[in-house]
Amino acid sequence: MSGELEALIIGPGAMGCLHAALMAEAGLEVALLDYRAERAARIAERGIIVEEDGEKRTVPIVCGVDPSTMGSAQYGIIFVKAYDTVEAVTRAVPALRDDASMLTLQNGIGNYERISEIIPPARVLAGTTTTGATLLGDGHVRVAGRGSVQFGSPKGNPRRVRATEALLARGGIEHETTIAVDDVLWAKAIVNAAINPLTALTGLRNGMLVEHDELRELMRAVVREAATVARACGIFVREDIGMMVESICGATAENRSSMLQDVTAGKRTEIDFINGEIARRAEEREREAPICRLLTSLIHGREQAGLTET
Ligand code: KPL
């Protein structure tokens, strides 16, 4: 396929597959960009399998690895792991129109800044999603719960925000916009900093963190520490962020966090872009974030074990 594309979804993980499938079902001209040829061929041939509410459906999708043959997209939406951002955006550029917008809905802090070194900052949008999904196999995703996207323009570009809103609306993706992009990204990072490493180190599902007194205390300590760093960086953090984290544990009680899924699969995690980045930002301001630093080291150890296990 080579022609006009409305959206290029970058990254065939759980969230990339799900959003590509939802937009294709809504009738948008959408393609999914992968970097592994065999997997892309399988997904292109079979489609994306979506399991939701006890039912299974297959959604035909254009999927490939060569951006120069995929068409010319008005929007890129990136879902790759934070450590792959620069490579993935660089690869995607040939499939984007000269004036394309790029929306990042990745976990972690620092993604839009890295993307803005490749794509002009005025065209970069950033946000979070509360949708939960698990990848069961290549191009096979199970929806844990549909949530919504919150996004905006870090450079304050309302025209791009409105146009992207229209795209998401047509694609059937629930969304709201914000002018406080950094506040939104940090709030999600604080949630991930508190839940993800503790689940990855213990093997517990999200809901168990509030059932277990010692882990609940540890989670609260991470939230306090991360919120202090955020505020020192000029970020607005709501007073009840701790309650919010605990209610997310309840609402996603049965989820295995993305970091637990990564360590279980022997994959690299996003710890450097969550707790690691929070500790780094603290140090930049001559402060300390010892719990985030400790959790980062422990997860690095867990990654090392996973990557060397056979
Ligand atoms: O975003 C998540 C993740 O797993 O990365 C949470 C909110 C913790 C849900 O599992």
Side-chain angles (χ1 to χ4, degrees), residues 11 13-19 51-52 77-85 104-111 126-136 141-151 173-175 183-212 215-216 218-220 222-223 226-227 230 237-238 240-265 267-278 291-292 295-296 299 302-303 306:
M15 299 300 276
C17 283
L18 177 62
H19 285 78
E51 290 190 26
E52 187 170 21
I77 307 183
I78 179 159
F79 286 103
V80 301
K81 295 286 187 187
Y83 48 80
D84 279 333
T85 302
T104 159
L105 295 176
Q106 301 160 277
N107 275 344
I109 304 168
N111 292 308
T128 61
T129 170
T130 54
T131 291
T134 307
L135 198 67
L136 300 179
V141 62
R142 182 193 292 141
V143 184
R146 281 211 208 180
S148 84
V149 166
Q150 203 180 2
F151 80 100
I173 312 288
E174 219 176 278
H175 61 275
D183 296 351
V184 166
L185 296 178
W186 270 86
K188 178 83 190 289
I190 294 172
V191 169
N192 289 134
I195 299 177
N196 293 21
L198 301 193
T199 52
L201 290 167
T202 58
L204 293 171
R205 289 176 193 264
N206 296 354
M208 283 305 289
L209 295 183
V210 281
E211 302 296 327
H212 190 288
L215 292 175
R216 195 179 54 236
L218 181 51
M219 196 167 62
R220 287 178 178 168
V222 180
V223 172
V237 183
R238 48 193 271 187
D240 64 348
I241 182 94
M243 298 280 288
M244 187 180 119
V245 171
E246 289 180 35
S247 75
I248 289 174
C249 285
T252 62
E254 287 309 309
N255 275 27
R256 289 159 55 81
S257 78
S258 54
M259 198 172 285
L260 173 56
Q261 292 183 47
D262 287 340
V263 295
T264 309
K267 288 191 195 156
R268 184 177 170 190
T269 73
E270 295 181 297
I271 194 77
D272 292 333
F273 302 86
I274 304 173
N275 304 68
E277 186 63 19
I278 293 169
I291 311 175
C292 283
L295 291 172
T296 303
I299 292 290
R302 188 67 193 81
E303 287 174 335

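Each ligand, and each atom within it, is numbered from 1 in the order the structure gives. Only heavy atoms go into these numbers, but all of them, side chains included; no hydrogens, no water, no symmetry mates.
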(message) Among Ala193, Gly145, Ser258, which one puts a heavy atom closest to atom 3 (C) of ligand 1?
(response) Ser258
(request) Compare Asn206, Ile248, Thr252, Asn192 and give the one whose heavy atom is closest to atom 10 (O) of ligand 1. (result)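 The nearest heavy atom belongs to Asn206.
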(message) Students should be able to answer this: which protein heavy-atom is nearest to atom 8 (C) of ligand 1, and at what distance?
(response) Asn196 OD1, 3.2 Å
(message) If you define the side chain from C-beta out and look only at heavy atoms, does anything of Met15 sit under 4.5 Å from Leu105?
(response) no
(message) Are Met259 and Ile274 packed together at the side-chain level, in the sense that at least one heavy-atom pair is separated by less than 4.5 angstrom?
(response)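 Answer yes - side chains close enough.
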Does the side chain of [X] pick up a donor-acceptor pair with the side chain of [Y] at under 3.5 Å?
X      : Y      : value
Thr134 : Arg256 : no
Asn206 : Thr252 : yes
Thr104 : Asn111 : no

(request) Record the part of Arg256 in heavy-atom contact with ligand 1 below 4.0 Å; permitted values are side chain, backbone, both and neither. (result)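 None of Arg256 does.
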At a 4.0 Å threshold, what atoms of ligand 1 neighbour a non-hydrogen atom of [X]?
X      : answer
Ser257 : 4 (O), 10 (O)
Asn107 : 5 (O)
Lys188 : 1 (O)

(request) Could you tell me whether Lys81 and Asp262 make a salt bridge, using a distance below 4.0 angstrom between a side-chain N and a carboxylate O? (result)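 A salt bridge is present here (some side-chain N lies under 4.0 Å from a carboxylate O).
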